[in-house]
Number of protein chains: 2
Amino acid sequence: MPWNLDSDRPIFVQIVEHLQYDIVSGVYAPGQKLPSVRDLAAVASVNPNTMQRALSELERDGYMHSERTSGRFITEDTHMIDELKTRLATAQINEFLPRMERLGLTKEEILNLVEQSIKE
Amino acid sequence: MPWNLDSDRPIFVQIVEHLQYDIVSGVYAPGQKLPSVRDLAAVASVNPNTMQRALSELERDGYMHSERTSGRFITEDTHMIDELKTRLATAQINEFLPRMERLGLTKEEILNLVEQSIKE
DNA sequence: ATTATTGTATTAACCGCTTGGTACAATAAT
DNA sequence: ATTATTGTACCAAGCGGTTAATACAATAAT
């Protein structure tokens with residue numbers, strides 16, 4: 001899964017989101033050890049400082065914790081991960097629907113578009 | 001309709017999008033005169049330079065044109081506006097669906113969520 | 001004719017993000 | 001014991017976006 005970082009938004013924010021999706025979708029399992037800051041930075045083609053900043057945010061929010069010198073680990077609180085999943089999904093819906101309506105599409109048109117696009 | 005500008009992305013980009021939505025949804029009709037740069041900037045609580053930059057982009061793409069001292073006008077090319085609408089809607093879909101799937105939701109779950117959320 | 005308004009251009013300053021470079025303490029690996 | 005790896009911290013430089021302040025020419029409004 002590429003990182004798909006663009007220059008429109010702060011990179012560290014995009015990394016936070018990317019890793020949140022990785023946690024929710026199970027790319028990193030609960031309790032699993034993460035690659036080192038330097039390795040993650042290399043994979044993402046980003047400066048280690050930038051990766052560090054993203055990881056600090058995720059740590060501050062409790063999605064991971066660092067063990068000084070042995071590495072960094074995903075939380076084992078599966079309930080918290082489930083909540084994150086719900087929160088991210090809801091956020092997507094709440095961005096998507098109002099924008100589609102603001103474009104002048106009716107609820108039916110939106111539903112049809114989604115239904116159509118989801119098949120292929 | 002508030003402008004809802006956040007600090008995550010360049011303001012001028014968000015203004016471009018906001019005005020595109022206004023054009024597509026008919027807030028500004030084809031051929032209609034826009035408020036002055038300074039007025040728009042005041043309404044959006046933004047520096048005139050920033051508003052000017054957004055308007056220049058929209059002008060470069062042909063969605064409006066300025067008449068030196070009499071003001072700035074929305075294009076009368078309704079076909080172009082329709083295309084913009086389609087393009088924006090498609091872009092929303094193409095962002096929304098992959099993200100929902102990446103969260104681990106099945107196509108059915110996504111459809112149900114949309115269907116559910118659209119009713120209320 | 002005079003005044004106000006229009007779009008436009010320019011410059012300096014500030015701020016946040018990013019990078020590159022360096023460094024350190026703690027501990028795992030050898 | 002020595003070495004490598006870990007997270008972490010710091011600083012300087014560069015860059016893009018934003019603001020503020022001015023200015024100008026063209027023309028609409030008076």
Side-chain angles (χ1 to χ4, degrees), chain A residues 2-20 22-23 28-76, chain B residues 2-20 22-23 28-76:
Chain A
W3 287 78
N4 271 343
L5 306 176
D6 60 74
S7 57
D8 262 8
R9 296 153 59 222
I11 295 181
F12 82 92
V13 173
Q14 299 180 56
I15 293 176
V16 167
E17 292 178 3
H18 181 96
L19 290 174
Q20 282 179 334
D22 277 353
I23 295 173
Y28 298 116
Q32 182 175 343
K33 179 178 177 178
L34 283 161
S36 73
V37 180
R38 293 166 177 83
D39 284 352
L40 280 175
V43 172
S45 301
V46 159
N47 189 281
N49 293 331
T50 306
M51 181 59 69
Q52 167 74 17
R53 179 164 180 184
L55 295 175
S56 296
E57 288 237 338
L58 289 164
E59 189 158 336
R60 173 175 57 75
D61 294 342
Y63 297 118
M64 48 186 63
H65 57 96
S66 62
E67 237 131 74
R68 207 57 189 88
T69 64
S70 60
R72 199 179 243 104
F73 300 85
I74 303 291
T75 179
E76 298 185 8
Chain B
W3 287 76
N4 272 342
L5 306 176
D6 60 74
S7 56
D8 263 9
R9 295 154 59 221
I11 296 180
F12 82 93
V13 174
Q14 299 179 56
I15 293 177
V16 167
E17 291 178 3
H18 182 96
L19 291 175
Q20 283 179 334
D22 277 353
I23 295 172
Y28 298 116
Q32 181 174 342
K33 179 178 176 179
L34 283 162
S36 73
V37 180
R38 294 166 177 81
D39 284 352
L40 280 174
V43 171
S45 301
V46 159
N47 189 281
N49 293 332
T50 307
M51 182 58 68
Q52 167 74 17
R53 180 165 181 184
L55 295 175
S56 296
E57 288 238 337
L58 289 164
E59 189 158 334
R60 172 175 57 74
D61 294 342
Y63 297 118
M64 47 185 64
H65 57 97
S66 62
E67 236 132 74
R68 207 57 190 88
T69 65
S70 60
R72 198 179 244 104
F73 300 86
I74 302 291
T75 180
E76 298 185 7

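FYI, side chains are in, hydrogens and waters are out, and symmetry mates aren't considered; it's all heavy atoms of this structure. Each chain gets a letter, A, B and so on, in the order the sequences are listed, and its residues count up from 1.
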Going by modelled atom types, is there a donor-acceptor pair between the base of [N] and the side chain of [X] at under 3.5 Å?
| X | N | value |
| --- | --- | --- |
| A:Arg38 | D:dG7 | yes |
| A:Asn47 | C:dC17 | no |
| A:Asp8 | D:dG17 | no |

Quick one: [X] [atom1] to [N] [atom2], roughly how many Å, whole number?
| X | N | atom1 | atom2 | result |
| --- | --- | --- | --- | --- |
| A:Arg53 | D:dC10 | CZ | P | 14 Å |
| B:Gln52 | D:dA20 | CD | C1' | 16 Å |
| A:Glu57 | D:dG7 | CD | P | 18 Å |
| A:Glu59 | D:dG7 | CD | P | 10 Å |
| A:Leu55 | D:dG7 | CG | P | 8 Å |
| A:Phe12 | C:dC17 | CZ | P | 5 Å |

Would you tell me if any nitrogen or oxygen in the side chain of [X] comes within less than 4.0 Å of OP1 or OP2 on [N]?
| X | N | value |
| --- | --- | --- |
| A:Ser70 | C:dA26 | no |
| A:Thr50 | C:dT19 | yes |
| B:Arg68 | C:dT5 | no |
| B:Arg72 | C:dT8 | yes |

Can you tell me which nucleotide in [options] comes closest to the side chain of [X]?
| X | options | value |
| --- | --- | --- |
| B:Ser36 | C:dA26, C:dG7, D:dG17 | C:dG7 |
| A:Pro10 | D:dG7, C:dC17, C:dG7 | C:dC17 |
| A:Ser66 | D:dG17, D:dT8, C:dT19 | D:dT8 |
| B:Thr69 | D:dT8, C:dT6, C:dG7 | C:dT6 |

How is A:Glu67 classified with respect to the nucleic acid when contacts are heavy atoms under 4.0 Å: base, sugar-phosphate, or nothing?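 Counting heavy atoms under 4.0 Å across all strands, no contact is made by A:Glu67.
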Mind pulling the stems DNA chain C is in, i.e. runs of at least three Watson-Crick or G-U pairs, everything under 3.5 Å?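 So the stems come out as C:1-30 with D:1-30.
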Which residue, B:Asn49 or A:Ser45, contacts DNA chain C at a nucleotide closer to its 5' end, judged by nearest heavy atom?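 Result: B:Asn49.
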Over all heavy atoms of both residues, which pair between B:Val16 and B:Ala54 is shortest? Give the atoms and the distance, please.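 Taking every non-hydrogen atom into account, CG2-O, 3.6 Å.
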I'd like to know if the side chain of A:Gln14 reaches the main chain of A:Arg9, judged simply by a donor and an acceptor atom lying under 3.5 Å from each other, with no hydrogens or angles considered.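 Confirmed, A:Gln14 side chain pairs with A:Arg9 backbone.
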